[in-house]
Amino acid sequence: MQGSTTIRTELRTATDDTIDDALAHADPMVLRGWLYQLTGDEEVAAVPVAPFHAGVAEAMGLADRRDAGLLRAKAAAFLRAYRDAGAGELPIGPPERLRGSLGLAAGQEVPESELELWLEELALDPWARSLRWPEDPPPERLADFSVLVIGAGLGGLNAAVQLKRAGIPFTVVEKNPGVGGTWHENRYPGARVDTPSRAYTHLYGLGYEYAGPFCEQAENEKYFNWVADTFDLRRDISFDTEVLSAEWDEQGACWVVRVRDPEGERTLRPRAVISAVGFLSRPNVPEIPGADRFRGPAFHTARWPADLDLTGKRVAVIGSGCTSYQMVPELADLAGHVELYQRTPQWVFDRPGYRSRYPDQVAWLDRNLPWYANFLRFRTSWLTGPHVQSRAFDVDPEWTDPLSRSAMNARIRDGRLEFMRQKLGSRPDLLEQMLPPHPPMSARPVAVDAGYGIYDALLRADVTLVTEGIAGLTEHGIETVDGREHPADVVVYATGFRANDFLWPMEVRGRDGLRLADLWAEDGARAWVGTMLPAFPNLFLLYGPNTNPFSLGVVTFSEITTRFALERIADLVLGDRHSVAITPEAYRRYNRKLDEREVLRTWSDPRADNYYRNAHGRSASNCPFEGTEIWERLRHPDPTDLEVR
Ligand code: NAP
């Protein structure tokens, strides 16, 4: 971390060339905000910006790339002077300048109303999203309060970190033998994040050195192991332990939770439950005729066998979502032949450097430019937020072009078509087969490496795209509806997850035995701000209904929801109360607003039919609100929305 003795020594002995070499890898927009904060140099602030295309959206960058040289030269001069002065502790600079500095790094004004959120994202305070007890809790009441956290992935680990820090007794149960959740389970070749790793750490993980801009499975799992070890969480986690059922006991003011571990079944009685189970965790394996006849290995992508050797094998991949498109290019390198069985093609977004690792200079910058990593994290987060990425998911109600949903959506479509033509121009058959029937952003956009991705793989002689429907599996392969039998040694189900079965297969009952299925009978899973359910007291969901974010990231969502949960628990402890639940009226009001917003989001397009849509025709997974709105609702909840007993 900045300021430690090692780092000062490293910078103190750095040559001018080392500094210049490292700064060549710095993001000029980040330098713009960072330098201004530390120096107040108005020439830095005056460097002009202009819109450019960034990933799925349009962001602000330098208007003239040559200005990057000016910013780097100024940063080099600053760093040399800092080194020559001994490279000691360096304060962040005037707090009242921060809003302007963040705006310079963003290239857009940071609204005053959002400043607190963005300062949290800047991670100057790694514990900005921790519980702050308004007064000391009575020790006997605290000792009497226990929390059960379900899951030791991204959300559950953070809940454990924060509960431990707050001194609230807790235990974590995790069905797997290790931490990491989705990153423990998804070990298929090519599994990696497609949101930037920079913002895929908790606030206290700012100093964690990721290996690349979009890290692969092993690196992500390593980070979650780092969290577990750094905060000494392993002894608080029961591994190989699965929750079977949970029922609220009004009399005892606790949850009665049945769990199963290798020793058998047992009952826990926590006062509150934080569910940190992912909604993309239970494999969806379709019932395909003849599936049990197939003689070779057949498995879901989230159940990849550890010792599988694909050398020379013919591999059939069923499904064409993110997982499949991410995996097929890698499989092509490993197997003898790959056949991709595609029902619906998806829009593909090229990300330069998607499969790359960071050069050493990047980590050097993180270690040696005081506060630079904070500004880089902020900008990364800003680009995923309401002013940039979220705009790509807007529907313009006045828009009439049948192929797109807004002017920006039309530009995105044109860009994607151009990318397809660049890659597949020599194969009109593939161009046609890979053209999605729905507008971009109405289904999950798929990220690929700009240099080698799904389109490049499909051009290979050892990869075949099959678009005829699957009639069934045979002993030795797959039969398509045209009567052809395609030989296969291995069948991989890249068929996604039971995304609409929230908390499944747990049997959860609230007050008076109310089942989730009863609460959600009308049109599928819902919650208040994704986290609370009426008649299910002291239950907090971290990745609940309608929380899949398109405006800010999943780490941010889980951090702000965890803080909300701990604040409610603190209220109970301090007020000597038993339970808190959201009122039915607040739940209904929130969901009415949610439905109004939903139609203004691209994924409501009727042509897209995927896990975003449940059996009732609405999305129970995606969050149509801005991340800033979710933050506001959880930061300042209306006390009358909460029923405290
Ligand atoms: P998915 O998006 O749900 O895709 C499932 C695929 O299986 C679809 O192509 C679907 O076809 C096909 N399918 C389902 N049932 C079928 C059947 N009976 N016969 C033939 N095809 C069938 O699942 P996913 O690709 O695993 O992705 C799920 C989510 O995980 C992603 O949206 C994303 O949120 C996350 N993910 C993220 C990353 C990343 O960040 N890097 C990578 C992978 C996954 P239809 O479309 O025609 O229904």
Side-chain angles (χ1 to χ4, degrees), residues 55-56 154 181-183 185-197 199-200 212-217 219-220 278-291 299-304 316-330 339-349 351 354-355 384 433-434 436-438 441-449 453-454 465-473 478-481 491-501 543 547-550 553-555 603 607-614 619 621-623:
V56 298
L154 182 157
T182 203
W183 297 111
E185 292 181 8
N186 283 273
R187 293 163 182 270
Y188 60 84
R192 64 173 71 238
V193 280
D194 62 0
T195 51
S197 290
Y200 206 68
F214 300 94
C215 284
E216 60 215 24
Q217 177 269 334
E219 292 291 339
N220 300 322
F279 78 104
L280 298 171
S281 73
R282 301 289 177 167
N284 166 48
V285 180
E287 284 178 19
I288 297 182
F299 48 85
H300 187 269
T301 45
R303 300 287 179 268
W304 198 269
V317 175
I318 302 177
S320 51
C322 282
T323 301
S324 167
Y325 280 9
Q326 195 175 51
M327 177 179 64
V328 164
E330 312 289 334
E339 277 197 334
L340 166 57
Y341 290 79
Q342 173 171 282
R343 213 160 54 173
T344 313
Q346 296 302 336
W347 291 102
V348 169
F349 292 78
R351 281 203 179 267
Y354 183 52
R355 294 160 88 233
T384 68
Q433 288 168 315
M434 293 303 286
H438 45 267
M441 322 314 281
S442 56
R444 174 69 154 75
V446 182
V448 297
D449 188 87
I454 184 68
L465 178 67
V466 182
T467 53
E468 286 79 25
I470 296 173
L473 264 64
I478 293 184
E479 192 181 319
T480 42
V481 287
V491 171
V492 181
Y493 291 97
T495 43
F497 299 88
R498 300 178 62 132
N500 282 296
D501 298 336
Y543 208 173
T547 54
N548 198 30
F550 294 80
V554 62
V555 178
W603 59 80
R607 287 162 288 188
D609 184 16
N610 50 50
Y611 78 88
Y612 284 0
R613 177 156 307 147
N614 66 12
S619 173
S621 57
N622 294 353
C623 179

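As the structure is a prediction and not an experimental result, all values here were calculated from the model. First listed ligand is number 1; within each ligand, the first listed atom is number 1. Quick note: numbers below take in every heavy atom, side chains included, and nothing from hydrogens, waters or symmetry partners.
Closer than 4.0 angstrom to ligand 1 by heavy atom are Tyr188, Arg192, Val193, Asp194, Leu280, Pro286, Ile318, Gly319, Ser320, Gly321, Cys322, Thr323, Gln326, Arg343, Thr344, Tyr354, Arg444, Ala494, Thr495, Gly496, Phe497, Tyr611, sorted by chain and number.
When only modelled atom types and interatomic distance are considered, Gln326 and Tyr188 share a side-chain donor-acceptor pair under 3.5 Å.
The ring-ring contact (aromatic ring centres under 6.0 Å, His included) test applied to Phe497 returns His300, not counting sequence neighbours. Residues satisfying the ring-ring contact (aromatic ring centres under 6.0 Å, His included) test with Tyr543, not counting sequence neighbours, are Phe279.
Of the charged side-chain nitrogens involved, none lies within less than 4.0 Å of a carboxylate oxygen, so that Arg192 and Glu330 do not count as a salt-bridged pair.
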Which pairs would a plain distance check flag for residues 316-324, meaning a side-chain donor or acceptor within less than 3.5 Å of a matching protein atom at least two apart in sequence or in another chain?
unit_1	atom_1	unit_2	atom_2	d
Ser320	OG	Thr344	O	2.7
Ser324	OG	Gly319	O	2.7

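In terms of modelled atom types and a separation under 3.5 Å, the side chain of Trp603 and the main chain of Ala608 share no donor-acceptor contact.
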